[in-house]
There are 2 protein chains.
Amino acid sequence: MQATSNPSDSVLGLLKAGGLRMTPQRRAIVAEIMATKGHISPTDLARRVRARVPGVNASTIYRTLDLLEEYGVLSHAHLEAGAEYHHRAEGRHVHLTCSNCGWEDALSLQEAGALQKLISKHRAFSPDLTHFAISGLCGSCRGPSR
Amino acid sequence: MQATSNPSDSVLGLLKAGGLRMTPQRRAIVAEIMATKGHISPTDLARRVRARVPGVNASTIYRTLDLLEEYGVLSHAHLEAGAEYHHRAEGRHVHLTCSNCGWEDALSLQEAGALQKLISKHRAFSPDLTHFAISGLCGSCRGPSR
DNA sequence: GTATATGCAAAGGTTTTGCACAGCC
DNA sequence: GGCTGTGCAAAACCTTTGCATATAC
């Protein structure tokens, strides 16, 4: 019944290999992050981590998020509501967000490939379309006539 | 020597036509905005307006920015540093920003046309590429080898 | 005179920082 | 035992809001 390898282990190992220490807070934060799919807002994360380990301070959350970004586990992106973190592996997609109703969707990087090519063709610039969302109007908000 | 028509006039006229009142603060804010090209951050704007009319409160700045956005004079976009306003007419471009060195450039909407088409073809979604910047690596930061 | 705009002060929210102590290794 | 990580408290920002007063019309 023992979990021989849960999703947190590889990340914890990575941190350990970097000479970092394993504290209960860090374990709890990593565990909560690994259990989360999609967007991770620092505030929400803090709330959920405290459900596991009461008393974890917000500054610890922020410091750990920075750390995990340095170690390549997380990335952050900018959405209408502000900054948001996501698993680097999972986050390889382009956020689409409707400015009218808040509807959200995503393009896979594969789907976005043509976009990237178009931009890099135009300028000496390699776009990372995952970093900022793309705002716009979704099908419903654009109007039923079309 | 009298300015028969300075750039502020049309905007002030627009506000007046909307039944709004012309206060010295509003004049100063509009004048400063019309004299600004490119990005307008609320904080910077406040500083510059106070140089013209001392004592203008930050809340007045924010209220006026909202107003000008409602009237279609300004739009806001999201860059790495946070929210930023720009002239709606002038701002019809896609911000490119280098995540490494901060270099900034822009694509005209004409140049971005193909991007928009590509996205709307993929989904029932009309993108507004001006609203969020596009992050990436500029030519220099991408490496001299290519 | 009246409705609107402003200033002021406070609050709200997120994120950062300095410092002393706790605790991992 | 030494150094790192955490909590705490405070501060730094940015932005919003309620209310009384000032003022444009």
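Every chain is numbered from 1 and lettered A, B, ... according to where its sequence line falls, protein lines coming before strand lines. Note that the structure is predicted; figures quoted are calculated from it, not measured.
For S59(A), whose side chain is taken as the heavy atoms from C-beta onward, the closest listed nucleotide among dC8(C), dC8(D), dT15(C) is dC8(D).
Taking CH2 of W103(A) as the reference point, atom CG of D105(A) lies at 4.0 Å (rounded to 0.5 Å).
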Step by step, work out the side-chain contact (heavy atoms from CB on, under 4.5 Å) result for C138(B) and N100(B). CA-CA 8 Å; C138(B) 70; N100(B) 190 239; over 6 Å; no
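The distance between atom CG of L65(B) and atom P of dT6(C), rounded to the nearest whole Å, is 12 Å. Atom CG in D66(A) sits roughly 13 Å away from atom P in dG5(D) (whole-Å rounding). Note: CG (L67(B)) to P (dT16(D)) measures 14 Å, nearest angstrom. When rounded to the nearest whole Å, the span between CD1 of I40(A) and C1' of dT15(C) equals 18 Å. Atom pair N57(A):CG and dC21(C):P shows a separation of 17 Å (rounding to whole Å applied). For H76(A) and dT14(C), the NE2 to P distance is 17 Å, given to the nearest whole Å. Look at CZ on R63(A): it is 8 Å from P on dG7(D), rounded to the nearest Å. In this structure, I61(A) atom CD1 and dG13(C) atom P are separated by 18 Å, rounded to whole Å.
Listed here is the closest heavy atom pair of R88(B) and G72(B): CD-O, 2.8 Å.
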Protein-proximity profile, nucleotides 20-25 of chain D, B/S/- by nucleotide at the 4.0 Å heavy-atom cutoff, equals ---BBS
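A heavy-atom distance below 4.0 Å to DNA chain D is reached by these residues of residues 41-56 of chain B, ordered by number: P42(B), T43(B).
Using a 3.5 Å distance cut-off with no hydrogens or angles, the side chains of H39(A) and H95(A) do pair a donor with an acceptor. T43(B) and R47(B) form no side-chain donor-acceptor contact under 3.5 Å, judged by distance and modelled atom types alone. Using modelled atom types, one finds no donor on one side chain facing an acceptor on the other under 3.5 Å when comparing H76(B) with E84(B). Checking E80(A) against H131(B) by side-chain atom types alone, a donor-acceptor pair falls below 3.5 Å.
No donor-acceptor distance shorter than 3.5 angstrom exists from the side chain of Q116(A) to the backbone of G113(A), with no hydrogens or angles considered. Using modelled atom types, no side-chain atom of R50(B) and backbone atom of G55(B) make a donor-acceptor pair closer than 3.5 Å.
Backbone-only engagement by R26(B) is indicated by non-hydrogen atom pairs under 4.0 Å involving sugar-phosphate atoms exclusively.
The phosphate of dT16(D) (OP1 or OP2) has no side-chain N or O of Y62(B) nearer than 4.0 angstrom.
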